[in-house]
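What follows is one structure encoded as structure tokens, with my remarks underneath.
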Amino acid sequence: MEGIEFIEYATARPQALGQVLETLGFRPMARHRSREVLLYRQGGINVIVNAHGGGAGQGGTLDDKPVIAAVALRVRDAAAAYGRALERGAWAVPIRVEVMELNIPAVHGPGGSRIYFVDRHREFSIYDVDFVPIPGVDPHPPALAGLHFFGIVQYIGNGRTEDWTDFYGELFGFQPLPLDAAFGILPKGRILRSPCPQASAFYLQLIEPEPGILEVDDTECFQRVALGTADVLATVEELRTRGVSFVESGRVHSEDRGALTQTRLGGVSFELVHHVRG
């Protein structure tokens, strides 16, 4: 495993979600050849906005509220990684490939989401086949304030921490960090480290939500993306000038360790975490 290739959101309001992403520094880069799908990028972060109903991760249906429908993992050999996951108990996701599209293998993730395996991400990538570049757009826009993928927060059911720890450990080789390890301003839950090289490592945070602290979803799901930055407060100020609002309450507020954006479109938020990419 070599990191995260992309995060995919499914939504019936792609333009509204695109506006949220652009305030965070993302730029639309390319359109899918045959589906209502857009690729957004900044630095090494790729986000796909999927408004093509048949491709949604949540049972094939779309809602106004965007959901994280898929996470794509960079691997050396997608077929081998997919086969290994199936051997260890993963559930395969049937993929309907249309003309001029790549067959990207996937297994089921939480809440009907998908976990893809991608091995084309260097000189020749999946986007070179499935997407058409938007004319006049820089294909490699720099990351605002050095933002990079840090991890993903997953909400899980009560008493399900060990189940999900075993799931990610058995299928993908994630390892739990010591109980006193914490990142950002929301340290509750168990943190799992990916088996990636240090330069591309990312983390999963498994949280059993407590009502009344933050807005919670009553289903297991990938809830939000965490972005790393070397200077959280400077990044917060820069994003505020772009129209991004942050949670500032007695229990959750921006500080050196991290920050949390206000929820948009009924469920979209991003977490900033102090992290210097190794």
Side-chain angles (χ1 to χ4, degrees), residues 1-9 26 29-30 39-48 50 57 68-90 92-93 95 101-110 113-131 139-143 146-154 164-177 181 183 191-206 222 224-230 270-271 273 275-278:
M1 192 182 299
E2 299 176 359
I4 296 176
E5 175 58 34
F6 64 77
I7 301 292
E8 177 186 337
Y9 285 88
F26 290 92
M29 307 303 307
L39 167 65
Y40 288 80
R41 176 181 292 159
Q42 64 168 310
I45 313 172
N46 295 310
V47 173
I48 288 177
N50 186 349
I68 298 178
V71 176
L73 304 176
R74 289 179 175 174
V75 295
R76 280 193 296 248
D77 185 326
Y82 176 63
R84 179 184 184 278
L86 295 183
E87 289 174 359
R88 291 174 174 261
V93 175
I95 305 295
E101 291 183 354
L102 288 173
N103 181 9
I104 304 176
V107 299
H108 282 281
S113 64
R114 300 174 178 178
I115 300 174
Y116 287 103
F117 301 98
V118 174
D119 56 13
R120 297 186 179 189
H121 52 83
R122 293 188 177 88
E123 294 80 7
F124 181 71
S125 75
I126 58 173
Y127 315 111
D128 295 319
V129 176
D130 286 352
F131 288 79
H140 301 289
L147 289 174
H148 54 271
F149 275 132
F150 177 80
I152 304 169
V153 174
Q154 178 180 329
W164 282 107
T165 299
D166 291 343
F167 175 87
Y168 287 111
E170 286 292 326
L171 269 59
F172 308 108
F174 281 77
Q175 293 293 325
L177 296 186
F183 299 102
I191 299 174
L192 309 179
R193 186 192 188 280
S194 65
C196 300
Q198 184 60 36
S200 60
F202 65 97
Y203 301 86
L204 292 174
Q205 185 174 17
L206 306 176
F222 291 128
R224 62 179 174 271
V225 175
L227 301 173
T229 176
F270 291 84
E271 190 172 342
V273 177
H275 181 252
V276 179
R277 176 63 82 187

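As a basis for the values below, the full set of heavy atoms in this structure was taken, side chains included, without hydrogen atoms, waters or symmetry mates. Here the structure is a predicted model, which is why all the values come from computation and not from measurement. For this chain, numbers begin at 1 and follow the sequence in order.
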Taking C-beta and beyond as the side chain, do [X] and [Y] meet within less than 4.5 Å on heavy atoms?
X	Y	answer
Phe117	Phe172	yes
Phe6	Leu39	no
Val71	Phe202	no
Pro141	Arg41	yes
Pro139	Tyr127	no
Pro195	Phe174	yes

Minimal heavy-atom distance between Ala226 and Val273, with the atoms involved, is CB-CG2, 4.2 Å
Smallest heavy-atom separation, Phe222 atom then Gln154 atom, equals CE2-OE1, 3.6 Å
Where at least one partner belongs to residues 164-174, residue pairs that pass salt bridge (Lys or Arg N to Asp or Glu O under 4.0 Å), sequence neighbours excluded:
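Qualifying pairs: Arg88-Glu170.
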Which label fits Tyr9 and Phe270: parallel for a plane angle under 30°, tilted from 30 to 60°, or perpendicular past 60°? tilted
TODO: Classify the ring geometry between His275 and His148 as parallel (under 30°), tilted (30 to 60°) or perpendicular (over 60°).
DONE: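 Ring orientation of His275 relative to His148: tilted.
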Value for CD1 (Ile115) from OH (Tyr168), rounded to nearest 0.5 Å, stands at 4.5 Å
